[in-house]
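Below: one structure, written as structure tokens.
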Amino acid sequence: YNPDDADLVTATDTANVTVGGISLAKTVGTTPGVCATTNNINVPFNLGGTVVYYCYEVTNTGNVRLDPVTVSDDKVTDVTCPQTALDPGESMTCTASGSAKPGQYENTGTATGTISTSGPTQAAADANTVTDQDMSHYFGEVTPVVEPAPVPTLMEWALILLSGLLALFAVPALRRS
């Protein structure tokens, strides 16, 4: 038997693949309410308490909704986010702050998202999570405390003035003799 084109059968099928993904970019700065563009800075540290501000840019890089999405930090306790879920391609900026420490400082932010789908794969997908981490660094530069020069007391000013007057009148008197 020799098959011809009329005897060939062609079939195609499309599969939907659930892919979860999350990305975290962490920055550190010293201006309140402004996300810095770096994750490594020098911070002037003083005993009055310099504040550092952290921004955590979280993006859903997958093709399914992530719900919930959480952001934590290994050394900063109160990371706040404007929402708890991200649709595919959506981003949000979470923030935190803390008091600067002297010397080299490093901390790590972690973003975690749970894959959320609908339909018969819901139970299996709910058990899957995606995570990403990013570190930031700063160096707390201890600035030396410069004590202001002491201001002379009234008695010291009087002695300075008296010394000047004596010098002013004593020099011409010495020249005459």
Side-chain angles (χ1 to χ4, degrees), residues 5 8-146:
D5 289 340
L8 294 178
V9 177
T10 303
T12 60
D13 192 9
T14 303
N16 292 323
V17 178
T18 299
V19 178
I22 196 165
S23 170
L24 176 66
K26 182 178 175 193
T27 61
V28 60
T30 56
T31 305
V34 176
C35 289
T37 58
T38 184
N39 66 356
N40 193 5
I41 62 171
N42 287 338
V43 175
F45 174 78
N46 62 49
L47 297 178
T50 302
V51 178
V52 290
Y53 299 91
Y54 301 100
C55 289
Y56 308 80
E57 182 74 21
V58 185
T59 303
N60 180 346
T61 60
N63 66 0
V64 293
R65 180 176 175 83
L66 298 176
D67 188 3
V69 173
T70 59
V71 176
S72 61
D73 195 292
D74 66 333
K75 294 183 183 165
V76 179
T77 57
D78 295 327
V79 179
T80 58
C81 297
Q83 60 198 64
T84 60
L86 291 174
D87 288 323
E90 188 177 19
S91 295
M92 69 174 164
T93 301
C94 304
T95 57
S97 63
S99 296
K101 310 286 188 272
Q104 186 63 46
Y105 186 83
E106 172 184 286
N107 58 334
T108 303
T110 302
T112 304
T114 300
I115 296 171
S116 176
T117 62
S118 60
T121 60
Q122 178 69 44
D126 283 344
N128 293 325
T129 59
V130 290
T131 61
D132 192 23
Q133 293 184 322
D134 196 13
M135 290 192 291
S136 67
H137 308 83
Y138 69 78
F139 185 80
E141 297 176 335
V142 179
T143 54
V145 177
V146 178

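Quick caveat, the model's predicted, so the values are computed rather than measured.
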Open item on the list: Just verifying a value: how many Å separate L24 CG and T61 OG1, rounded to the nearest 0.5 Å?
Closed with: 11.5 Å

- [ ] Kindly say whether P88 contributes a backbone atom to a donor-acceptor pair with the side chain of N63 at under 3.5 angstrom?
- [x] no

Task: Distance, nearest 0.5 Å, that separates NZ of K26 from CD of Q133 - done: 10.5 Å

Open item on the list: Rounded to the nearest 0.5 Å, what separates atom CD in E106 from atom OH in Y138?
Closed with: 11.5 Å

Task: Short side-chain to backbone donor-acceptor contact, Y53 and A36, under 3.5 Å - done: no

Open item on the list: Which heavy atom of E141 sits nearest to which heavy atom of N42, and what is that distance?
Closed with: OE2-ND2, 3.3 Å

Task: Value rounded to 0.5 Å, distance of OG1 in T108 from CE in M135 - done: 5.5 Å

TODO: Identify whether NZ of Lys or CZ of Arg in K75 sits under 6.0 Å from the centre of the six-membered ring of Y54 and within 45° of that ring's axis.
DONE: no

Open item on the list: Less than 3.5 Å apart, any donor N or O on the side chain of S136 or N107 sitting next to an acceptor on the other?
Closed with: yes

- [ ] Compare all side-chain heavy atoms of T112 with those of I22 and state whether any distance is below 4.5 angstrom.
- [x] no

Task: For V76 against S97, the heavy-atom pair lying closest together - done: CG1-O, 3.9 Å

Open item on the list: Between D67 and A85 (side chain of the first, backbone of the second, donor and acceptor by atom type, cut-off under 3.5 Å), is there such a pair?
Closed with: no

- [ ] Quick one: pull up CD in E57 and CE in M92 and give me the separation to the nearest 0.5 Å.
- [x] 9.5 Å

Task: Student check: side-chain heavy atoms of L66 and I115 closer than 4.5 Å - done: yes

Task: H137 and N40, any side-chain heavy atoms less than 4.5 Å apart - done: yes

Open item on the list: Quick check: do D73 and Y56 have side-chain heavy atoms less than 4.5 Å from each other?
Closed with: yes

- [ ] Using a 4.5 Å cut-off on heavy atoms from C-beta on, say whether the side chain of C35 contacts that of T93.
- [x] yes

- [ ] Over all heavy atoms of both residues, which pair between G21 and N60 is shortest? Give the atoms and the distance, please.
- [x] O-OD1, 3.2 Å

Task: Non-hydrogen atoms of V43 and A100 that approach each other most closely - done: CG1-CB, 3.9 Å

Open item on the list: Testing the basics here: between V71 and C94, what is the closest heavy-atom pair and its distance to 0.1 Å?
Closed with: CG2-SG, 3.8 Å

Task: Nearest non-hydrogen partners of L86 and V69, listed with the distance - done: N-CG2, 4.0 Å

